[in-house]
Amino acid sequence: MTEINEKLQLKIDAVKQLLEQIAADYSPAVLATSYGAEDMVLMDLIAKFAPQIGIFTLDTGRLPKETYDLMQQAKKHYQLEVEVYYPDTLSIEQFVTHNGPNAFYDSVDLR
């Protein structure tokens with residue numbers, strides 16, 4: 001078990017160093033998150049080792065309830081401000097009026 005812990009710690013140390021280098025060399029650096037499993041690991045590492053790296057997400061208004069729940073849980077747990085970007089309401093209304101609510105499934109052009 002000790003060998004596994006030592007290997008894990010080496011990987012954590014390498015990631016910490018990489019995140020610190022990213023923050024120093026590419027400021028302002030940001031993570032785009034969709035709250036998937038991999039993104040949550042990165043969010044955890046950023047919160048612990050490089051909180052100067054920003055985090056943002058896109059809220060399409062069509063996300064599953066579980067995603068919104070996780071967004072809230074992550075905000076409480078990590079005490080991080082994740083910047084949320086939303087689509088322009090007027091543009092969405094016009095698109096849905098002309099094309100329907102699921103038109104983006106119909107063609108690449110409507111995406």
Side-chain angles (χ1 to χ4, degrees):
M1 188 70 156
T2 304
E3 183 180 339
I4 293 172
N5 289 339
E6 289 173 4
K7 287 181 180 181
L8 178 59
Q9 190 58 52
L10 287 173
K11 289 182 181 190
I12 291 171
D13 291 344
V15 169
K16 179 182 176 186
Q17 183 179 1
L18 179 60
L19 288 173
E20 289 170 349
Q21 183 178 354
I22 289 168
D25 294 347
Y26 300 102
S27 182
V30 294
L31 167 71
T33 182
S34 63
Y35 289 89
E38 298 88 356
D39 293 343
M40 294 308 299
V41 170
L42 289 170
M43 186 182 293
D44 183 76
L45 292 166
I46 287 170
K48 289 177 181 172
F49 303 123
Q52 67 274 33
I53 294 177
I55 303 172
F56 77 93
T57 192
L58 305 176
D59 182 352
T60 62
R62 296 179 66 128
L63 300 175
K65 178 186 180 312
E66 294 81 6
T67 302
Y68 291 115
D69 291 345
L70 183 56
M71 288 169 76
Q72 189 64 29
Q73 290 171 352
K75 182 175 181 162
K76 284 182 185 177
H77 180 78
Y78 292 110
Q79 301 291 309
L80 289 175
E81 284 300 318
V82 175
E83 192 162 353
V84 182
Y85 290 94
Y86 304 91
D88 177 66
T89 304
L90 182 58
S91 296
I92 295 296
E93 288 175 5
Q94 291 173 349
F95 179 87
V96 170
T97 298
H98 291 97
N99 302 296
N102 293 320
F104 56 91
Y105 292 120
D106 294 339
S107 74
V108 172
D109 289 339
L110 291 175
R111 291 180 195 157

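All figures in this text were calculated on a predicted structure; none of them were measured in a lab.
- The shortest heavy-atom contact between Pro101 and Phe104 is O-CE2, 3.4 Å.
- Val30 and Ile46 fall into different hydrophobic clusters, where Ile, Leu, Val, Met, Phe, Trp and Tyr side chains are chained together by heavy-atom contacts under 4.5 Å.
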For this session: Check the pair Leu90 / Glu93 against side chain to side chain contact (heavy atoms under 4.5 Å, CB included), numbers first and verdict last.
Result: CA-CA 5 Å; Leu90 182 58; Glu93 288 175 5; 4.3 Å; yes
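- For the atom pair CZ (Arg111) and CG (Asp106), the distance works out to 9.5 Å, reported to the nearest 0.5 Å.
- We find the CD-CE distance between Gln73 and Met40 to be 8.5 Å, quoted to the nearest 0.5 Å.
- Tracing side-chain contacts under 4.5 Å through hydrophobic residues (I, L, V, M, F, W, Y), one never reaches Val82 starting from Leu58; they form parts of separate clusters.
- Applying the 6.0 Å contact sphere to CD of Glu20 captures more than 12 heavy atoms from other residues, nucleotides or ligands.
- Counting heavy atoms of neighbouring residues, nucleotides and ligands inside a 6.0 Å radius, atom CD of Glu3 does not exceed 12 of them.
- Thr67 places no side-chain N or O within donor-acceptor distance of the main-chain N or O of Leu63, the cut-off being under 3.5 Å.
- In this structure, Lys48 and Lys16 have side chains that are not in contact, with every pair of non-hydrogen atoms separated by 4.5 Å or more.
- Atom-to-atom distance recorded for Met71:CE and Thr33:OG1 is 9.0 Å, nearest 0.5 angstrom.
- Atom NZ of Lys7 and atom CG of Asn5 lie 11.5 Å apart (nearest 0.5 Å).
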Problem set entry | Ile55 vs Met43, side chain to side chain contact (heavy atoms under 4.5 Å, CB included): CA-CA, chis, key distance, verdict | CA-CA 8 Å; Ile55 303 172; Met43 186 182 293; 3.8 Å; yes
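- Across all non-hydrogen atoms, the minimal contact from Asp39 to Ser34 is OD2-N, 2.7 Å.
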For this session: Decide yes or no on side chain to side chain contact (heavy atoms under 4.5 Å, CB included) for Thr57 and Tyr85, but give the supporting numbers first.
Result: CA-CA 6 Å; Thr57 192; Tyr85 290 94; over 6 Å; no
Problem set entry | Derivation and outcome, side chain to side chain contact (heavy atoms under 4.5 Å, CB included), residues Ile53 and Ile22 | CA-CA 8 Å; Ile53 294 177; Ile22 289 168; 4.3 Å; yes
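- With hydrophobic clusters built from ILVMFWY side chains whose heavy atoms lie under 4.5 angstrom apart, Val41 shares a cluster with Leu70.
- The closest side-chain heavy-atom distance from Leu110 to Tyr105 is not below 4.5 Å.
- For Ala23 against Ser27, the heavy-atom pair with the smallest separation is O-CB, 3.4 Å.
- With rounding to the nearest 0.5 angstrom, the CG atom of Leu19 is 11.5 Å from the CD1 atom of Ile12.
- Atom OH in Tyr86 sits 5.5 Å away from atom CG in Asp59 (nearest 0.5 Å).
- Looking only at distances, a side-chain donor or acceptor of Thr60 sits under 3.5 Å from a matching main-chain atom of Arg62.
- The heavy-atom pair separating Tyr68 from Gly61 by the smallest distance is OH-CA, 3.7 Å.
- Between the side chain of Asp88 and the backbone N or O of Ser91, at least one donor-acceptor pair lies under 3.5 Å.
- There is a path of hydrophobic side-chain contacts, each under 4.5 Å, that joins Leu8 to Phe49.
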